[in-house]
Amino acid sequence: MNKDKSLVSLLSSASTKLTPHSDSARLDAELLLCHCLKKDRTYLYTWPEHILDAQQVASLDALIERRIDGEPIAYLTGSREFWSAEFNVTSATLIPRPDTEILVEHALLKLADTQGPFIDLGTGAGVIAICVALERADIEVYATDISDAALEVARANATKLGATVNFITSNWFERLEAQKYAVIASNPPYIAAEDPHLRKNGLPYEPINALQSCDNGFADITAIINASSAYLQPNGWLLLEHGHTQAERTRDIMLKQGFGNIETVPDLSGNDRVTFGQFT
Ligand code: GLN
């Protein structure tokens, strides 16, 4: 039992405990300590001799145990950075992935010479819609989710970050008005039920409805592509995130639906991740 309750000592023991369970043990320990102290990472290194009180130590210990059980850091701290902003997350929302920044980047490129409007389908914590709204305050931004609990998180994020987004509870296009969009983007569920990935890397803690899709992961991708032409302005774009082996079939579905200028772009690890097409 470690009796020294100084920051430097707790950081080192937390990091040691997490090492067999996490590839980022040191960072995890820092983030959990910051969360218990309600301070940023600079504080840890400025005040290494700071002594934690009993309650802070107890809450740190509890968080370390949950991390050892495999719960993602973002759910333990309730937040995750994306596009240089801090987003709240809960177990009702997927944890934003850096890969999705590629989707935001390309949505912004497609919006560069239009006045919008833009819609993000299945927004979760709201990251895609909120980032677009922050970068393009001049356009109308909409976002849907089937989950009211997720939309509550997304609304709070929009308010916290000063983004104006119209949130709508809807299963894809189901409850949308007959409006046309310049750009539609979505990071839908796309993992096949039998994919072992679903049972690893903290995914069991994430909302299964936001991860898993029928038809080998293609049910939602297909539903969105098939319905989206009715909601796109002439020359409007649809952008979809998908699994790294799903690009070819996603392009085929877009082609069959009459999309042109179809292209796939890789994520930061070089995997096919986002496919887009233009409805002419
Ligand atoms: N990219 C996520 C993962 O593989 C899945 C996201 C999704 O299904 N939309 O962990």
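Side-chain atoms are counted along with the backbone in the values below, which use heavy atoms only and exclude waters and symmetry mates. Atoms within each ligand, like the ligands themselves, are counted from 1 in listed order.
At the shortest separation from atom 3 (C) of ligand 1 among protein heavy atoms lies Arg97 NH2, 3.6 Å. Given atom 5 (C) of ligand 1, the protein heavy atom at minimum distance is Tyr190 OH, 3.7 Å.
For ligand 1 and Glu241, the ligand atoms under 4.0 Å from any heavy atom of the residue are 1 (N). Taking a cut-off of under 4.0 Å to the non-hydrogen atoms of Asn187, the atoms of ligand 1 that pass are 7 (C), 9 (N).
Taking the six-membered ring for Trp and the full ring otherwise, Tyr142 and Phe167 have centroids separated by 6.0 Å or more. The ring of Phe173 has its center closer than 6.0 angstrom to the ring center of Tyr231.
Residue contact check for ligand 1: Ala210 places a non-hydrogen atom closer than 4.0 Å to it. Residue contact annotation: Gln212 has no non-hydrogen atom under 4.0 Å from ligand 1. Heavy-atom separations between Leu211 and ligand 1 include at least one value shorter than 4.0 Å. Between His197 and ligand 1 there is a heavy-atom distance shorter than 4.0 Å.
Taking the ring centre of Phe218 as origin, the terminal cationic atom of Arg249 falls inside the region bounded by 6.0 Å and 45° from the ring axis.
A side-chain donor-acceptor contact under 3.5 Å links Ser22 and Asp28. Side-chain contact annotation: Thr275 with His242, donor-acceptor N/O pair under 3.5 Å present.
Taking only nitrogen or oxygen atoms, main chain and side chain alike, Pro188 reaches within less than 3.5 Å of ligand 1.
With respect to the salt-bridge test (charged N to carboxylate O, under 4.0 angstrom), the residues Asp99 and Arg97 do not qualify. Electrostatic pairing of Arg26 and Glu30 counts as a salt bridge here, judged by a charged N lying under 4.0 Å from a carboxylate O.
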